[in-house]
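Remember, it's a predicted structure, so these values are computed and weren't measured experimentally.
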Protein chains: 2
Amino acid sequence: MASPGKRTSRSGSNKVRIEEVARLAGVSAITVSRALNTPQKVNEATRNAVLKAVEDTGYIPNRLAGSLASNRSRTVGVIVPTVTNSIFADKIKGLSDVLSEAGYQILLGQSGYSPEVEAELVSALLAQSPSGLVITGSAHALRTHTLLGRADIPVVETWTNAEAPVDMQVGFSNEDAAFAAVAHLAAGGYRSLALVVAPMVHNDRALGRKRGFDRGLAHFGLRQTLPPIEAEFSLRNGADALARVIEAQPQTDAIFFANDVLAAGALLECRRRNVAVPDRIGIIGFDDLEIASEMVPRLTTVAVPRYDIGANAARMLLRRLAGETIQPKLTLDFEVVARESTRRTCGDRV
Amino acid sequence: MASPGKRTSRSGSNKVRIEEVARLAGVSAITVSRALNTPQKVNEATRNAVLKAVEDTGYIPNRLAGSLASNRSRTVGVIVPTVTNSIFADKIKGLSDVLSEAGYQILLGQSGYSPEVEAELVSALLAQSPSGLVITGSAHALRTHTLLGRADIPVVETWTNAEAPVDMQVGFSNEDAAFAAVAHLAAGGYRSLALVVAPMVHNDRALGRKRGFDRGLAHFGLRQTLPPIEAEFSLRNGADALARVIEAQPQTDAIFFANDVLAAGALLECRRRNVAVPDRIGIIGFDDLEIASEMVPRLTTVAVPRYDIGANAARMLLRRLAGETIQPKLTLDFEVVARESTRRTCGDRV
DNA sequence: TAACTCGATGTTAGCGCTACCATCGAGTAA
DNA sequence: TTACTCGATGGTAGCGCTAACATCGAGTTA
């Protein structure tokens with residue numbers, strides 16, 4: 001019973017192939033392909049016959065073969081530092097919602113904030129012939145630039161608004177947003193500030209926020225009480241940073257946390273230490289996560305378009321793949337959301 | 001200059017193909033393939049020559065073609081309800097860490113807790129011929145079961161410990177964990193409980209926790225003051241649920257929130273309302289997210305192996321793909337972490 | 001009626017890689 | 001020496017699908 005000669009079927013699987021569907025529908029394989037991929041090119045009656053055959057056989061097209069033949073994979077590579085940071089989870093949600101609507105799948109990679117790992121991931125994802133790539137930030141290893149330059153696919157950088165993107169870009173100015181945060185603190189009468197920010201090496205978002213902070217200090221004539229504290233996002237790290245600031249530089253009257261999780265951790269530490277917020281010390285965060293609006297006191301923060309970065313990156317990619325010529329740089333808005341963790345003065349608009 | 005006859009190259013891309021690497025290395029294509037995929041089958045000198053040629057040309061293997069030819073894609077489909085729930089982000093991190101180490105890519109799908117969307121995703125992911133599938137829970141649409149049954153690949157169900165898994169399973173007993181939570185409350189002297197849980201329709205984790213809660217009530221002779229409140233995870237929903245409970249049934253002396261985010265929201269609401277925790281009301285959460293240990297008061301909760309579920313699911317999949325026969329059901333441990341949001345009595349071990 | 005258009009469908013030849021089998025030469029056993 | 005094994009390498013034929021071109025018949029124009 002086994003085939004005697006060459007391999008007639010290498011796959012041990014019992015998968016239905018397009019040929020079988022074609023036979024059942026009484027058409028050729030290419031017509032089945034067209035009925036599924038470009039239905040408008042197939043007569044309605046034929047199409048229905050094909051769809052019925054697909055239904056009856058339980059046919060699932062082999063996209064690997066289709067992609068290989070057509071040179072279009074309907075797959076998008078997505079690289080984030082980590083999914084466990086909810087700002088990136090929100091971005092992925094935005095990407096996923098738009099892409100799956102259009103029939104695209106997401107290939108996910110996590111770089112752990114390492115440019116070397118990112119380069120490896122780019123290489124690994126390119127091997128899958130994705131239709132496009134969505135990456136985070138604009139600071140990449142040289143090898144990444146080489147790879148992206150050689151790969152002939154659309155690339156969207158997110159969470160950044162660099163001068164010269166690799167290809168396309170969706171984000172906002174981290175620097176301007178941080179500046180706005182400082183402006184808000186200045187308007188509240190705070191004068192002696194501290195900065196707590198994510199580790200800045202290889203992280204252009206964090207770096208931009210520091211630059212905006214520095215620009216704000218200079219512009220409003222404020223002073224910085226101690227060098228920036230670099231801490232990965234976690235409540236504990238925020239609490240520790242708060243402790244370090246008020247112990248080392250008790251005259252500090254406000255702290256800018258470049259992340260709401262850090263800021264929330266600090267607020268909780270203030271509670272434990274009975275430090276009055278916003279009077280003894282003002283706290284401003286960044287991202288406008290849900291925790292900001294629910295903390296006691298409620299946390300002033302900078303709202304950024306976390307979900308929309310993803311959704312717009314996806315739309316940009318799809319338009320480009322559809323052959324539209326598009327504006328390659330999209331700069332979205334941010335907004336300072338004044339709440340109870342900072343003093344307000346009238347007319348505090350940014 | 002353009003090729004006159006048939007398409008000589010359909011892809012407009014300038015990608016390097018295996019043939020070119022082979023020529024440069026002075027070997028055949030198949031030897032290049034072997035040098036990259038099964039290096040031990042190639043003489044060391046030859047291997048080095050190939051690797052040098054790969055380096056020089058910047059060759060990136062076309063995995064689509066490779067997968068099609070070999071019927072192994074080194075891709076794993078992962079379906080979660082949403083990445084924005086950090087418990088699933090942690091699971092994905094665990095999966096990703098183990099799988100990328102082994103050279104596998106993740107194809108990600110989000111079902112939004114809908115069995116119908118999940119079925120669509122299973123179908124879409126199967127079309128990519130993944131080496132395996134990791135899905136969430138054990139409550140699936142009929143179509144999903146049909147698809148998984150027909151697909152001849154390993155499947156891991158996670159976050160559950162159903163009697164009869166589709167194939168493999170990594171999780172813990174949500175019911176036992178919830179029972180343990182109630183046991184802890186009972187030991188603290190709480191007698192009139194309320195339950196706040198994720199919407200239970202199509203969510204076997206939530207359902208299991210409710211069952212464990214009910215079993216705990218019966219076993220310890222406690223009463224439930226109002227029907228379970230179903231709420232999606234968010235701080236606000238937790239706060240609202242707390243408000244609803246103490247307004248509708250003020251005699252309630254403890255609440256079991258089947259999720260730390262809900263519980264944390266409730267703790268914050270208690271603060272706003274000056275409700276004393278744990279004396280006026282005890283609060284216990286679930287998941288042991290970082291927020292639990294940082295809240296004021298610190299939140300008693302049930303620690304569950306969020307990351308390990310993903311890591312173990314990945315390892316299971318890899319072992320199975322390597323041909324090992326493995327125990328298909330892995331039940332991990334949970335632990336009640338007693339903190340300040342519930343009263344303790346001595347010997348409170350679960 | 002001839003010439004042409006156009007929608008619908010089919011035939012053929014790959015996409016880039018790897019499974020299968022063949023080959024070949026060196027080492028080993030008799 | 002002959003026969004055999006065995007590691008290393010290569011030739012060939014697909015994997016399942018779709019691009020490109022061909023075909024064919026009905027409708028349309030002059």
Side-chain angles (χ1 to χ4, degrees), chain A residues 2-23 25-50 54 57 59-74 126-129, chain B residues 2-23 25-50 54 57 59-74 126-129:
Chain A
S3 52
K6 307 285 171 174
R7 58 177 173 179
T8 22
S9 172
R10 270 199 310 217
S11 72
S13 146
N14 47 357
K15 277 185 202 155
V16 179
R17 292 187 308 286
I18 200 171
E19 197 56 58
E20 187 170 334
V21 177
R23 206 177 325 120
V27 296
S28 70
I30 189 70
T31 299
V32 175
S33 171
R34 279 196 276 251
L36 295 175
N37 297 316
T38 51
Q40 75 282 2
K41 290 191 180 174
V42 172
N43 181 289
E44 190 177 339
T46 314
R47 187 165 67 236
N48 290 336
V50 170
V54 167
T57 52
Y59 172 62
I60 294 182
N62 184 331
R63 284 251 218 157
L64 255 37
S67 301
L68 182 61
S70 68
N71 207 33
R72 291 178 306 108
S73 72
R74 290 179 165 260
L126 286 178
Q128 307 274 7
S129 308
Chain B
S3 52
K6 307 285 174 173
R7 58 174 177 180
T8 24
S9 173
R10 275 202 304 221
S11 72
S13 146
N14 47 358
K15 278 184 203 158
V16 180
R17 290 187 308 287
I18 201 170
E19 198 56 57
E20 187 170 335
V21 177
R23 208 177 324 119
V27 296
S28 71
I30 187 71
T31 300
V32 174
S33 171
R34 278 196 276 251
L36 295 175
N37 296 317
T38 50
Q40 74 283 2
K41 290 190 183 176
V42 172
N43 181 290
E44 190 177 341
T46 314
R47 186 164 67 236
N48 289 337
V50 169
V54 167
T57 51
Y59 172 63
I60 294 182
N62 184 330
R63 284 248 219 158
L64 254 38
S67 301
L68 181 61
S70 69
N71 205 34
R72 292 179 304 110
S73 73
R74 288 180 167 260
L126 286 179
Q128 307 275 7
S129 309

The side-chain contact (heavy atoms from CB on, under 4.5 Å) partners of B/Ala49 (sequence neighbours excluded) come to none
Using whole Å, report how far CG of B/Leu126 lies from P of D/dG16. 16 Å
In short, the helix from C/dT1-D/dA30 to C/dA30-D/dT1 is bent end to end, axes from five pairs each side, to 10°, by 40°
Using nucleotides 24-28 of chain C, report all nitrogen or oxygen pairs with the protein that are shorter than 3.5 Å.
none

C/dT18 phosphate, OP1 or OP2, under 4.0 Å from B/Asn37 side-chain N/O: yes
Output all residues satisfying side-chain contact (heavy atoms from CB on, under 4.5 Å) with B/Ser129, sequence neighbours left out; order by chain, then residue number. A/Lys15, A/Asn62, A/Leu64
Just N and O in the side chain of B/Tyr59: are any of them under 4.0 Å from OP1 or OP2 of C/dC17? yes
Taking all non-hydrogen atoms of both residues into account, name the closest pair between A/Thr46 and A/Val42 and its distance. CB-CG1, 3.7 Å
Only pairs under 3.5 Å count here: list side-chain donor-acceptor contacts from residues 28-35 of chain B, not counting sequence neighbours, and write none if there are none.
unit_1, atom_1, unit_2, atom_2, d
B/Ser28, OG, B/Thr31, OG1, 3.3
B/Ser33, OG, B/Asn37, ND2, 3.4

Considering residues at least two apart in sequence or located in another chain, which fulfil the side-chain contact (heavy atoms from CB on, under 4.5 Å) criterion with B/Glu44? B/Arg47, B/Asn48
When you compare the protein's N or O atoms with those of nucleotides 4-9 of chain C, which come within less than 3.5 Å of each other, and at what distance?
unit_1, atom_1, unit_2, atom_2, d
C/dT9, OP1, A/Thr46, OG1, 2.4
C/dT9, OP2, A/Asn43, N, 3.1

Interatomic distance, A/Leu36 CG vs D/dG16 P [rounded to whole Å]: 17 Å
B/Ile18 CD1 - D/dT9 P separation (whole Å): 15 Å
So which nucleotide from C/dC17, C/dA19, D/dT18 ends up closest to the side chain of B/Ala69? C/dC17
Nearest atoms (heavy-atom pairs only) where A/Ala45 meets A/Asn43: N-OD1, 2.8 Å
In terms of side-chain heavy atoms of B/Ser33, which of D/dT18, C/dT18, C/dG16 is nearest? C/dT18
Which residues satisfy the side-chain contact (heavy atoms from CB on, under 4.5 Å) test with B/Arg72, sequence neighbours excluded? B/Ser70, B/Arg74
